[in-house]
Enquirer: 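This structure is in structure tokens; I'll ask about it shortly.
In the text below, chain A, chain B and the rest are named by the order of the sequence lines, each starting its count at 1. Any value given below was found using the heavy atoms of this structure, including those in side chains, with hydrogens, waters and symmetry copies removed.
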Amino acid sequence: MSPVAPPATPEQRILAAIRALPRGQVASYGVIALRAGLPGRARLVARILGHTGEAGLPWHRVLRADGRIAFPAGSAGWEEQIRRLQAEGVQVHNGRVRLPPVEASLDAALWAPR
DNA sequence: CTGATGACGGCGC
DNA sequence: TGCGCCGCCATCA
């Protein structure tokens, strides 16, 4: 591997972070942004998801910070995401998922000044 | 350049 | 838990 920092555009790193989500595990937009090295860029993650048409991308494992589906309740995307999550064994109640608490270190990183 | 928009997020009530 | 307000960012009209 090259000893230098990974090239990758922000978009590439975000997509990589999403692909890295194990089956049956979920994460918020903010956490994905953190893992991509882009603290506070949750909205960028959302835009990428809506724009990319990459096949096989586990987009359904990305939820809002409060554990709810980002799509409007009742919409086609909303139902599709719930279906996919439940197919992986994720418990979804009324469009909401129990997210594991964010670690203090990540919490600090999120609030750290840029 | 200005204002609106969105698969967001934190905070207050 | 629910709802509204505001901040932040990239894109678009």
Enquirer: Just verifying a value: how many Å separate Glu11(A) CD and Thr52(A) OG1, rounded to the nearest 0.5 Å?
Expert: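 Atom-to-atom, Glu11(A):CD and Thr52(A):OG1 are 6.0 Å apart.
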
Enquirer: How long is the gap from CD on Gln86(A) to NE2 on His93(A), to the nearest 0.5 Å?
Expert: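 With rounding to 0.5 Å, CD (Gln86(A)) is 9.0 Å from NE2 (His93(A)).
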
Enquirer: Applying the 4.5 Å side-chain criterion to the ILVMFWY set and letting contacts propagate, would Val97(A) and Leu21(A) be lumped into a single cluster?
Expert: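 Yes: a chain of side-chain contacts under 4.5 Å links Val97(A) to Leu21(A).
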
Enquirer: To the nearest Å, give me how far apart OH (Tyr29(A)) and P (dA10(C)) are.
Expert: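 For the pair Tyr29(A) OH and dA10(C) P, the rounded distance is 18 Å.
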
Enquirer: Which residue lies toward the 5' end of DNA chain C, His51(A) or Asn94(A), if each is placed at its nearest nucleotide?
Expert: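 The residue mapped nearer the 5' terminus is Asn94(A).
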
Enquirer: What is the separation between atom CG on Asp66(A) and atom P on dA7(B), rounded to the nearest whole Å?
Expert: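 After rounding, the gap between these two atoms is 16 Å.
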
Enquirer: For the CG atom of Leu49(A) and the CG atom of Leu15(A), what is their distance to the nearest 0.5 Å?
Expert: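 Interatomic distance, Leu49(A) CG to Leu15(A) CG, rounded to 0.5 Å: 7.5 Å.
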
Enquirer: Leu49(A) has a side chain; which of dA7(B), dG10(B), dA10(C) sits nearest to it?
Expert: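 The answer is dA7(B).
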
Enquirer: Minimum heavy-atom separation for Arg13(A) to Ala8(A), with atom names?
Expert: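 What the structure gives for the nearest pair is NH1-O, 3.4 Å.
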
Enquirer: Can you tabulate the close N/O pairs, meaning under 3.5 Å, that link protein atoms to atoms of nucleotides 2-6 of chain B?
Expert:
from	atom 1	to	atom 2	distance (Å)
dG6(B)	N9	Arg43(A)	NH2	3.3
dG6(B)	N7	Arg43(A)	NH2	3.3
dG6(B)	N3	Arg43(A)	NH2	3.4

Enquirer: Provide, to the nearest angstrom, the distance between the CD1 atom belonging to Ile69(A) and the P atom belonging to dC8(B).
Expert: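 So the two atoms are 11 Å apart, to the nearest Å.
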
Enquirer: Return yes if some donor-acceptor pair links the side-chain N/O of Gln81(A) with the main-chain N/O of Trp78(A) below 3.5 Å, else return no.
Expert: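 No, Gln81(A) side chain to Trp78(A) backbone: no donor-acceptor pair under 3.5 Å.
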
Enquirer: Picking from dA7(B), dT1(C), dG9(B), which would you name as closest to the side chain of Arg96(A)?
Expert: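 Among dA7(B), dT1(C), dG9(B), the one nearest the side chain of Arg96(A) is dT1(C).
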
Enquirer: For Ile14(A) and dA10(C), give me the distance from atom CD1 to atom C1', rounded to whole Å.
Expert: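 Interatomic distance, CD1 of Ile14(A) to C1' of dA10(C): 11 Å.
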
Enquirer: For the side chain of Ala42(A), starting at C-beta, report the closest nucleotide among dG10(B), dT1(C), dC8(B).
Expert: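 Among dG10(B), dT1(C), dC8(B), the one nearest the side chain of Ala42(A) is dC8(B).
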
Enquirer: Can you tell me the distance, in whole Å, between the CG atom of Leu44(A) and the C1' atom of dG9(B)?
Expert: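 Interatomic distance, CG of Leu44(A) to C1' of dG9(B): 15 Å.
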
Enquirer: Nearest-Å distance, CG (Leu99(A)) to P (dC8(B))?
Expert: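 In whole Å, dC8(B) P and Leu99(A) CG are 14 Å from each other.
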
Enquirer: Looking only at atom types and distance, does a side-chain atom of Arg41(A) sit under 3.5 Å from a main-chain N or O of Pro39(A), one as donor and one as acceptor?
Expert: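 Yes, Arg41(A) side chain to Pro39(A) backbone: donor-acceptor pair under 3.5 Å.
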
Enquirer: Applying the side chain to side chain donor-acceptor pair (under 3.5 Å) test to Glu88(A), which of Gln25(A), Arg61(A), Arg23(A) qualifies?
Expert: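 Between Glu88(A) and the candidates, side chain to side chain donor-acceptor pair (under 3.5 Å) is satisfied uniquely by Arg61(A).
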
Enquirer: Which nucleotide in the set dA10(C), dT1(C), dA7(B) lies at the smallest distance from any side-chain heavy atom of Arg41(A)?
Expert: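 So the side chain of Arg41(A) is nearest to dA10(C).
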
Enquirer: What is the separation between atom CZ on Arg35(A) and atom C1' on dC8(B), rounded to the nearest whole Å?
Expert: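 Result: 17 Å.
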
Enquirer: Looking at Glu80(A) and Arg84(A), is any side-chain nitrogen of the basic one under 4.0 Å from a carboxylate oxygen of the acidic one?
Expert: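 So Arg84(A) pairs with Glu80(A) through a salt bridge.
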
Enquirer: Run through DNA chain C and report every stem of 3 or more consecutive Watson-Crick or G-U pairs, distances under 3.5 Å, ordered by first number.
Expert: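 Paired runs of 3+ in DNA chain C: B:2-6 with C:9-13, B:8-13 with C:2-7.
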
